[in-house]
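Encoded as structure tokens, the structure appears first; notes follow it.
Each chain gets a letter, A, B and so on, in the order the sequences are listed, and its residues count up from 1.
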2 protein chains.
Amino acid sequence: MRALANFTTAEIERAKRYASAIPPADLDPRIGALVNELIGRVADKWTMMILETLAEQGELRFTRLSEFVKGISQKMLTQTLRNMERDGLVICTVHPVVPPKVEYRLTGLGLRLGSAFCGVWVWAAENLDHVEKARQLFDGKAKAGS
Amino acid sequence: MRALANFTTAEIERAKRYASAIPPADLDPRIGALVNELIGRVADKWTMMILETLAEQGELRFTRLSEFVKGISQKMLTQTLRNMERDGLVICTVHPVVPPKVEYRLTGLGLRLGSAFCGVWVWAAENLDHVEKARQLFDGKAKAGS
DNA sequence: CGGGATCCTACGGGATACTG
DNA sequence: CAGTATCCCGTAGGATCCCG
């Protein structure tokens, strides 16, 4: 890890804690593969946004949910919700009334995933301008190089 | 948040910390949109896996990296690396020798994102069997219902 | 209201071949 | 070795219509 020489000590500490939290999965390579499969499933744009909305709002009906998650089509909302339900992240309660009323909320598992993702959200919020500057710099260089 | 009534207190505490960490982004709706765009960019399967590998391994050459990130095509590796470089997550060092030698490592920004994602990895490793059981249960019900 | 069923298209992404 | 360029296919995912 000599490559990390020019990071701050705080950053290195975080990296170490990061690395040390992973090993258990590496004992059996199949486990690692399964974890990656699971990550791939869950690290989906819509999954993350639905997860975030439900974690913030608590419990929502289908249409209400679609209003919070801007830009999602009803097809993707349904599809993603079904997958999340299958994975045990979400519970769907159907009230037998007309017009139908269906409410979605996170399970304990889903809630824990939500708080696990929290760090990513905070990172995004904190480093938004940082990323934008990096992009402008990169695009500027690319143009100059052509 | 009455919907959370049947969670453990620990889970509720986590949810509260979660929710309280988000608000700053909601002040200006445009910020929220930008954060979501950024999340969409970064919550990509390959981005996450490359990020993880570089956080663990420190610094790697192109081919070496492709060995760690199982299943990735060289096209996607190049593409994802370029995007990450553009976003300021990764630094690419080109050594002017033959054969070419190009090394990739995380920037401080990338490293921080890596540690932010750490929670998700831990969650995945911890709850793998939980998810699998939920899937079997769900699939069983689906079959019974048909 | 909350979806399911269809249709259709754009594009993600793999395989292969070529280059400095 | 580290890409770039080309071709090509599958499917993610939007639009639309319908139904209980």
Could you tell me which non-hydrogen atom of Gln74(B) sits nearest to which non-hydrogen atom of Phe62(B), and how far apart they are? O-CZ, 4.1 Å
Looking at Arg135(B) and Glu37(A), does any basic side-chain N land under 4.0 Å from a carboxylate oxygen? yes
So, Asp87(B) side chain and Leu89(B) main chain: donor-acceptor pair closer than 3.5 Å or not? no
Would you mind building the protein contact string for nucleotides 14-20 of chain D? One character per nucleotide, 5' to 3', B for base within reach (heavy atoms under 4.0 Å), S for sugar-phosphate only, - for untouched. B-B---B
Could you go through the side-chain hydrogen bond (donor to acceptor under 3.5 Å, both in side chains) check for Thr47(B) and Arg41(B) one step at a time? CA-CA 9 Å; Thr47(B) 303; Arg41(B) 180 53 268 297; 3.2 Å; yes
Considering only heavy atoms, which members of residues 81-94 of chain A lie under 4.0 Å from some atom of DNA chain D? none
Over all heavy atoms of both residues, which pair between Val35(B) and Ala124(A) is shortest? Give the atoms and the distance, please. CG1-CB, 3.8 Å
Would you call Arg82(A)-Glu85(A) a salt bridge at under 4.0 Å N-O? yes
From CG of Leu77(B) over to C1' of dG3(D), roughly how many Å is that when rounded to an integer? 10 Å
Would you indicate, yes or no, if dG3(D) has its OP1 or OP2 atom less than 4.0 angstrom from a side-chain nitrogen or oxygen of Tyr104(B)? yes
Take Arg64(B) and Glu67(B) through the test salt bridge (Lys or Arg N to Asp or Glu O under 4.0 Å) and record every step on the way to the result. CA-CA 5 Å; Arg64(B) 202 74 204 299; Glu67(B) 290 163 7; 3.7 Å; yes
Could you give the CD-to-C1' distance, from Gln79(B) to dA5(D), as a whole number of Å? 13 Å
Which whole-number value in Å describes the distance from Phe62(B) CZ to dG20(C) P? 18 Å
For a quick test of reading the model: is some side-chain N or O of Thr63(B) closer than 4.0 Å to OP1 or OP2 of dA2(D)? yes
Below the 4.0 Å mark, does dC1(C) have OP1 or OP2 next to a side-chain nitrogen or oxygen of Arg61(A)? no
Would you check if the side chain of Thr53(B) reaches a backbone N or O of Val69(B) as a donor-acceptor pair within less than 3.5 Å? no
